[in-house]
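The structure appears below as C-alpha cells.
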Amino acid sequence: MILHLGDDVSVHIRDIIAIIDLTQSQSAMTGAMLSEIRRQNRILAKQGITAKSAVICAGARKPGGMTENPRVYLSPISTTTLAQ
C-alpha cells in the first residue's frame with residue numbers, strides 16, 4: 001500500500017519507520033536525531049512548504065533486514081491524517 005505525503009510525494013507503507021509531529025514540542029533526542037539527519041542532507045522536501053510532520057522511511061535494505069541511509073520526508077499533512 002502507498003501513502004501520499006503531499007506535494008506529489010508517495011511512499012510504500014512498509015518502508016515507514018516513524019511519523020513525527022513537528023507541530024508539538026520534541027524531546028531532546030528527537031531534536032538531535034532530526035538535526036543529524038538534516039546535517040547529512042537526508043531530508044527530502046520541496047522548498048517553501050510548511051512542514052507539519054516528518055516521515056522517516058527505510059533506505060536501502062541489506063541482508064538480515066537492516067537498512068542504511070534512511071530518508072526523511074517533510075510533509076504539510078498532519079500526523080493524524082497520515083496515520084489514518
Side-chain angles (χ1 to χ4, degrees):
M1 185 176 246
I2 293 181
L3 179 65
H4 177 69
L5 303 180
D7 291 324
D8 298 326
V9 176
S10 297
V11 297
H12 287 278
I13 288 180
R14 70 173 184 263
D15 291 337
I16 296 175
I17 297 170
I19 300 175
I20 299 171
D21 188 347
L22 298 178
T23 63
Q24 301 294 316
S25 62
Q26 302 167 10
S27 71
M29 184 178 288
T30 301
M33 178 192 67
L34 289 173
S35 293
E36 178 62 18
I37 291 170
R38 185 174 285 119
R39 186 188 69 76
Q40 294 175 5
N41 292 322
R42 289 188 288 150
I43 292 184
L44 305 169
K46 288 191 175 183
Q47 295 291 344
I49 70 160
T50 301
K52 293 181 182 177
S53 58
V55 180
I56 302 173
C57 294
R61 296 189 189 283
K62 295 170 34 178
M66 298 298 292
T67 63
E68 58 183 22
N69 300 322
R71 298 158 293 167
V72 177
Y73 297 92
L74 298 183
S75 174
I77 301 173
S78 73
T79 56
T80 304
T81 302
L82 290 173
Q84 293 180 358

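Source: prediction; values computed, not measured.
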Tell me the closest heavy-atom pair linking Ile17 and Cys57, and the distance in Å.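 Minimum heavy-atom contact is CD1-C, 3.9 Å.
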Among pairs that include at least one residue of residues 25-36, which meet salt bridge (charged side-chain N to carboxylate O under 4.0 Å, His left out), considering only residues two or more places apart or in two chains? Glu36-Arg39
Among pairs that include at least one residue of residues 72-84, which meet salt bridge (charged side-chain N to carboxylate O under 4.0 Å, His left out), considering only residues two or more places apart or in two chains? none
For residues 1-8, dump all side-chain donor-acceptor pairs below 3.5 Å to protein atoms at least two apart in sequence or in another chain.
residue : atom : partner : partner atom : Å
His4    : ND1  : Val9    : O            : 3.4
His4    : NE2  : Gly6    : N            : 3.3

Distance from Ser75 atom OG to Ile20 atom CD1, nearest 0.5 Å? 12.5 Å
Say you draw a straight line from CG of Asp15 to OH of Tyr73; how long is it, rounded to the nearest 0.5 Å? 8.5 Å
Please tell me whether Leu82 and Ile13 are part of a single hydrophobic cluster in this structure, the criterion being side-chain heavy atoms less than 4.5 Å apart. yes
Is the shortest heavy-atom distance from the side chain of [X] to the side chain of [Y] under 4.5 Å?
X     : Y     : answer
Thr50 : Pro76 : no
Val72 : Arg38 : no
Gln24 : Thr79 : no

Could you tell me which residues satisfy side-chain contact (heavy atoms from CB on, under 4.5 Å) with Thr23, sequence neighbours excluded, listed by chain and number? Asp21, Lys52
For Ser35, what residues pass the side-chain contact (heavy atoms from CB on, under 4.5 Å) criterion, not counting sequence neighbours?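 By the side-chain contact (heavy atoms from CB on, under 4.5 Å) rule, Ser35 matches no residue at all.
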Could you tell me which residues satisfy side chain to side chain donor-acceptor pair (under 3.5 Å) with Thr80, sequence neighbours excluded, listed by chain and number?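 Once residues adjacent in sequence are excluded, Thr80 has no partner under the side chain to side chain donor-acceptor pair (under 3.5 Å) criterion.
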Within the distance-only criterion (no hydrogens, no angle test), does the side chain of Ser53 pair as donor or acceptor with the backbone N or O of Ile77 below 3.5 angstrom?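 Yes.
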Given the rule in the side-chain contact (heavy atoms from CB on, under 4.5 Å) test, do Ile56 and Met33 qualify, once you have shown the distances and angles that lead to the verdict? CA-CA 11 Å; Ile56 302 173; Met33 178 192 67; 3.5 Å; yes
